[in-house]
Amino acid sequence: MAAVVRGGRSRPDASAARPALRLVEETPWRWRIDRAGDMKVPGVVFASRDLLPEAAADQSLQQVANVATLPGIVEASYAMPDLHWGYGFPIGGVAATEVDNDGVVSPGGVGFDISCGVRLLIAPIDRGELAFRLEMVMDALEELVPRGMGRGGVWELGEPELRRVLQGGARAAVERGYGDERDLERCEDGGLLEGADADAVSERALARGLHQVGSLGSGNHFLEVQVVEEVLDAAVAACFGLRVGQVCVMIHSGSRGLGHQVCTDSVAGIEAAMRRYGLSVPDRQLACVPVRSPEGRAYLAAMAAAANYGRANRQLLSVVARRAFSRVLGASGRLELLYDVSHNLAKLETHVVDGRARLLCVHRKGATRALPPGHRDVPADLAEAGQPVLVPGSMGTASYVLVGEPGAGAFASTCHGAGRAMSRTAARHQVSGAALRRELVAAGVAVRASSNRGLAEEAPTSYKDIDAVVSCVERAGLARRVARLVPVGVVKG
DNA sequence: ATGTAC
């Protein structure tokens with residue numbers, strides 16, 4: 001069965017020349033966009049019919065096809081069920097290029113919030129033991145967690161120390177006493193992405209980064225106190241240390257103004273360099289250069305530095321969450337890190353394509369790495385189970401812990417969240433932040449939010465249904481559900 | 001996502 005989706009609505013001139021996209025339903029959980037025009041590989045969209053974006057308001061399916069034209073792309077231009085419209089590449093997209101076949105790297109394939117990601121901390125107490133002190137914990141978090149737009153972080157540092165953060169990531173924070181070695185064992189890449197170069201980051205980006213290390217930010221970023229409501233895989237949950245009723249803290253944040261500036265700077269430089277390599281792309285937001293070019297290497301070095309900033313940021317936020325919990329709960333507020341993983345990153349990884357191991361530049365933009373059991377990059381004490389995959393839902397709704405599946409495809413990737421179904425502007429016009437705040441409180445969720453406007457933009461009605469997204473990911477064989485978590489307290493910018 | 005335009 002096929003569905004026809006029109007493309008190019010926002011630019012009438014382009015839409016006339018652009019053929020309609022034809023989606024072929026391969027299974028109820030997987031659709032294909034066949035090669036056409038300059039596409040080098042097909043598009044593959046993991047989604048149920050209900051989760052496919054509506055083409056009238058969202059160009060993301062056209063973006064999946066556009067990405068398939070990139071030099072050196074292998075297998076397919078993939079999209080996850082939380083797919084929606086992004087800058088050049090769709091959010092929820094995965095694309096890998098072969099480095100030794102003139103494969104390119106594109107800042108649009110990572111996005112503006114470089115190394116935005118999620119970590120989950122686990123408390124030793126259950127919901128009942130927290131209940132009568134929840135408001136006190138939330139007050140402490142409100143006091144200690146810097147949040148919202150602009151400056152103000154946990155760790156005020158000078159430029160030499162900032163440069164150490166850009167090279168050393170969460171490890172640089174731990175070396176200054178923020179957390180311990182065990183935290184690093186539970187971070188993707190040990191908390192430190194290799195190949196970072198602070199000298200590849202502009203003075204302007206450094207200036208923006210100086211006062212934001214250890215700050216939540218705004219938009220969909222949050223810190224939530226959550227409770228494990230349901231365990232879906234008992235053996236893996238036990239390995240992860242998760243049981244029904246358990247209190248957890250989920251942190252969703254990124255690289256703040258520094259990462260944003262690195263992306264802005266890089267797009268400008270790469271757009272200018274493209275001509276020299278004779279590259280053309282169907283959308284200027286897909287600006288790209290060969291991985292093995294001076295500009296490509298410079299982008300990856302600056303991106304890694306921003307990624308390390310994001311990792312240090314989440315490490316600092318964990319430290320203040322620990323301070324808040326221990327202030328109110330003492331030793332029973334101890335928070336152990338389960339895992340920290342990014343969902344906006346390009347990484348050099350080796351994967352088998354057409355029977356041969358190849359070095360690939362894997363772009364995951366709003367997509368989470370999901371390594372299977374036994375993979376050497378999974379922490380040793382979790383290796384039997386596989387890599388924890390942390391999937392935040394929209395505000396006030398469930399979040400999930402998943403685990404990577406063997407042979408899942410899409411370069412071991414899965415979804416990153418519920419996925420926007422409505423623009424921020426549309427959400428602001430449809431929802432009252434004040435009313436939403438009252439609804440959350442009435443539903444038993446303690447809210448500490450600095451902006452009603454921010455609340456309105458993050459209304460769950462402007463997101464897809466996280467339960468449907470995660471169910472789709474599991475049915476498509478990309479990852480397996482381990483635990484469903486529900487919020488009892490939310491801290492937002 | 002973002003000193004929501006240099």
Side-chain angles (χ1 to χ4, degrees), chain A residues 58 60 63 82-93 106-119 146-153 162 201-223 251-269 271 285 302-303 305-307 309-311 313-314 317 341-346 363-368 392 394-395 415-429 433 449-459 462-463 491-493:
Chain A
D58 180 305
S60 57
Q63 291 185 317
D82 48 341
L83 173 77
H84 59 109
W85 197 4
Y87 177 89
F89 287 59
I91 294 162
S106 173
V110 174
F112 279 83
D113 194 2
I114 295 166
S115 197
C116 180
V118 183
R119 61 168 56 192
R147 59 199 199 278
M149 291 277 288
R151 20 194 296 165
L162 176 60
V201 175
S202 70
E203 285 299 326
R204 193 175 197 177
L206 291 173
R208 291 180 71 171
L210 272 176
H211 306 288
Q212 295 185 321
V213 191
S215 66
L216 201 54
S218 59
N220 64 0
H221 290 167
F222 65 75
L223 182 153
I251 295 170
H252 178 202
S253 189
S255 52
R256 307 286 282 108
L258 183 141
H260 191 277
Q261 190 65 47
V262 165
C263 182
T264 303
D265 296 340
S266 304
V267 165
E271 270 190 348
Q285 295 185 350
M303 182 212 72
Y309 187 93
R311 284 135 183 239
N313 188 33
R314 290 193 292 276
L317 289 166
V341 64
S342 300
H343 49 233
N344 287 357
L345 215 54
H363 301 73
R364 296 188 182 88
K365 180 188 192 178
T368 315
S394 55
M395 185 174 54
C415 65
H416 86 306
R420 232 175 218 294
M422 189 191 295
S423 72
R424 290 183 182 284
T425 312
R428 274 205 303 277
H429 291 302
S450 54
S451 147
N452 276 340
R453 176 176 166 171
L455 275 183
E457 289 181 355
E458 292 304 311
S462 56
Y463 280 84
V491 178
K492 283 194 76 72

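The chains referred to below are lettered A, B, ... by the order of the sequence lines, with proteins before strands, and numbering in each begins at 1.
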Pick base, sugar-phosphate or nothing for [X], based on heavy-atom distances below 4.0 Å to the nucleic acid.
X         : result
Gln212(A) : sugar-phosphate
Gly111(A) : nothing
Gly219(A) : sugar-phosphate
Arg204(A) : base

Separation of atom [atom1] in [X] from atom [atom2] in [N], rounded to whole Å:
X         : N      : atom1 : atom2 : value
Arg453(A) : dT2(B) : CZ    : P     : 14 Å
Arg147(A) : dT2(B) : CZ    : C1'   : 19 Å
Glu458(A) : dT4(B) : CD    : P     : 18 Å
His221(A) : dT2(B) : NE2   : P     : 5 Å
Arg151(A) : dT2(B) : CZ    : P     : 16 Å
Met149(A) : dT4(B) : CE    : P     : 5 Å
Asp265(A) : dT2(B) : CG    : P     : 16 Å
Asn313(A) : dT2(B) : CG    : P     : 10 Å

query: Would you say Arg424(A) reaches dT4(B)'s phosphate, i.e. side-chain N/O to OP1/OP2 under 4.0 Å?
result: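 Checking Arg424(A) against dT4(B): no side-chain N or O falls below 4.0 Å of OP1 or OP2.
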query: OP1 or OP2 of dT2(B) sitting under 4.0 Å from any side-chain N/O of Ser218(A)?
result: yes
Verdict with reasoning, His343(A) to His252(A), per ring-ring contact (aromatic ring centres under 6.0 Å, His included): CA-CA 10 Å; His343(A) 49 233; His252(A) 178 202; 5.2 Å; yes
query: Quick check: does any side chain N or O of His221(A) sit under 3.5 Å from a backbone N or O of Leu216(A), one acting as donor and the other as acceptor?
result: yes
field: Donor-acceptor under 3.5 Å (Tyr309(A) side chain, Gly209(A) main chain)
entry: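 It does hold such a pair.
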- prompt: What is the minimum heavy-atom distance between Leu317(A) and Ser253(A), and which atoms define it?
  reply: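 What the structure gives for the nearest pair is CD1-CB, 3.9 Å.
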message: Can you classify the ring geometry of Tyr87(A) versus Phe112(A) as parallel (below 30°), tilted (30 to 60°) or perpendicular (above 60°)?
response: perpendicular
